[in-house]
Amino acid sequence: MLDIATVRREPDRVRRSSDRRGIDPAFVDEILRLDAEYRSALAALERAQAEKNRLSSEIGRAEDRSAAAAELRPRLDALAKTIAGAQATVATLSPDEAGSPLRALLEESPNLLDASVPDGHDESANQLVRSWGTPREFTFTPRPHWEIGEALGILDFERASRLSGSRFSVLRGAGARLSRALAQYFLDRAVQRGYVEVAPPYLVSRHTMWSTGQLTKFSDAMFRDADAGLFMIPTAEVPLTALHAGEILDASSFPRKYAAYSACFRKEAGAAGKDTRGLMRQHQFEKVELVWLALPESSFEALEALINDAAALLEELGLAYRVIALCAGDTGFNAAKTYDLEVWVPSAGTYREISSCSNCTDFQARRAEIRLRREPTSKPELVHTLNGSGLAVGRTLLAILEHGQQADGSVVIPEALHPYTGFSRISPPG
RNA sequence: GGAGAGGUGGCAGAGUGGUCGAAUGCACUCGCUUGGAAAGCGAGCAGGCGCGCAAGCGCCUCGGGAGUUCGAAUCUCCCCCUCUCCGCCA
């Protein structure tokens, strides 16, 4: 959610950011107009309330309260009418009132972009930041992971679709083991890097989902149980970021770094026809998510650290990757700046997203009311939140299968995982 | 799912219609005291919003919402949550 105070103080900054995202900045003027209207209505209401409070306490102080009440009644009745009217006006204008036009505009506006975000409308304008490793040269035509996995008997999409429909998978034997090894490995490495491991709920309330900015009119691709009022998390970013919602945290505990393994659930309705085969895009997938609560002045340094934490995992696994800075038009609603981490996928002959790391600045913290206090006597201020995958389990598994495939159909497992898998190669049955 | 108890400031815990945004204690901040500290003493110390250059002034908030009343933390209704016991269950 945008800060009304920022719109007032720096409307040009808001206009520029919106324009760069491809959003008509006209709404800024609308916000300013509604806000001016709101504040004058609020001032009128507060004047009437102050008058009423004065009269009421006068009655409370009087010798003969009922006599005083009787005497002041006409003025109080008139004030009550004024107040009721003013309240109704304020309610329709207030930025704090759910459903008011001003509130709606503030909630629908995406986060302000950082100045370092490159211009551009779509992913073609994204910028390469750096790359690591070289894609493996094959002496044979590399097969896609679903063929490799099915031949090895470790991936089963046919039975998955009988169980649940399309975009589900069944992992079996060494495949299931490899998946578990990855999750365990990612978590262990995160803890070694100072993250606190968290096992969060996979179902969260509407309010929690709303508080992290997932419930906008632009994105409702989530599975949910309307009866219970619960949503299945599309990412552990939601419970991790909202973990300290409503709290005022001591600045000395910053930065706070959390890591959680979870299943994630997405309808992916907008992605029909894209990545229909394999593990790339599933309704249910697993991921280790990394979340930082950072001091405002150091959140962009934190973003660099976060993307490096995620990238280090790929280096340890020997998988070639590149880091991409998303352009303005490709940067998500919550984010001020986003880096994507893309891993080389041999069968596709290109890099594919395996992690997305974002600095959401104070945008999520404003809704979730996550604050910090610098000194015992200082005022609370909003924290900055960051999130990124470290990493997506299915996509990493996919990359390992394709990268490690051999001419004889077996797959060589990266050494870093051997302590977790207990095997160094997956060989065809028989 | 059934029965009961309860939700007040960072914490504990008073407050059952009127100078209560809230006693008291602890924690915390500043000052005095001290060689230094502790203790002691004094002052301060919730959050949000609006007006104001500022000092400051005002409004709102005692789980959330609606109501009664000139006036609600206190009374009424609805909802949410927590705890205890019972049932069920991995």
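Letters A, B, ... are given to chains in the order of the sequence lines, protein chains preceding strands, and every chain is numbered from 1. Worth saying up front: this structure is predicted, and the values here are computed from it rather than measured.
Here A/Asn53 reaches the OP1 or OP2 of B/C59: one of its side-chain N or O atoms lies under 4.0 Å away.
Here, B/C89 and B/C11 have their P atoms 39 Å apart, quoted to the whole Å. Between B/G64 and B/G7, the two P atoms lie 13 Å apart (nearest whole Å). Comparing the P positions of B/A72 and B/G18 gives a spacing of 11 Å, expressed to the nearest Å. One P atom belongs to B/G63, the other to B/A73, and the distance between them is 10 Å to the nearest Å.
Between A/Val393 and A/Phe285, every side-chain heavy-atom pair lies at or beyond the 4.5 Å cut-off. Proximity of A/Leu243 to A/Leu293: side-chain heavy atoms (C-beta onward) are nowhere separated by under 4.5 Å.
Here the straight-line distance linking atom NE2 of A/His145 with atom CG of A/Leu152 works out to 12.5 Å at 0.5 Å rounding. To the nearest 0.5 Å, atom CD of residue A/Glu197 and atom CG of residue A/Leu187 are 4.5 Å apart.
Cation-pi geometry between A/Arg256 and A/Trp292 is not satisfied (NZ or CZ under 6.0 Å from the ring centre, within 45° of the ring normal).
Taking only distance into account, the side chain of A/Arg65 meets the base of B/G18 through a donor-acceptor pair shorter than 3.5 Å.
Between A/Phe186 and the options A/Leu290, A/Val191, A/Val288, a side-chain contact (heavy atoms from CB on, under 4.5 Å) holds for only A/Val288.
For the pair A/Arg374 CZ and B/U29 P, the interatomic distance rounds to 18 Å; values are reported in whole Å. Atom CG of A/Asp250 and atom C1' of B/A27 are 13 Å apart (whole Å). We find that CD of A/Glu97 is positioned 16 Å from P of B/C60, with the value rounded to whole Å.
Within 4.0 Å of A/Leu72, counting heavy atoms only, lies no atom of the nucleic acid at all. Counting any heavy atom pair closer than 4.0 Å across all strands shown, A/Arg75 reaches no nucleic acid atom. Looking at heavy-atom distances under 4.0 Å, A/Arg373 makes contact with sugar-phosphate atoms alone, never a base.
Side chain of A/Arg266 to backbone of A/Thr235: no donor-acceptor contact under 3.5 angstrom is found.
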- [ ] Starting at the 5' end of nucleotides 48-57 of chain B, put B wherever the base has a protein heavy atom under 4.0 Å, S where only the sugar-phosphate does, and a dash everywhere else.
- [x] SSSS------
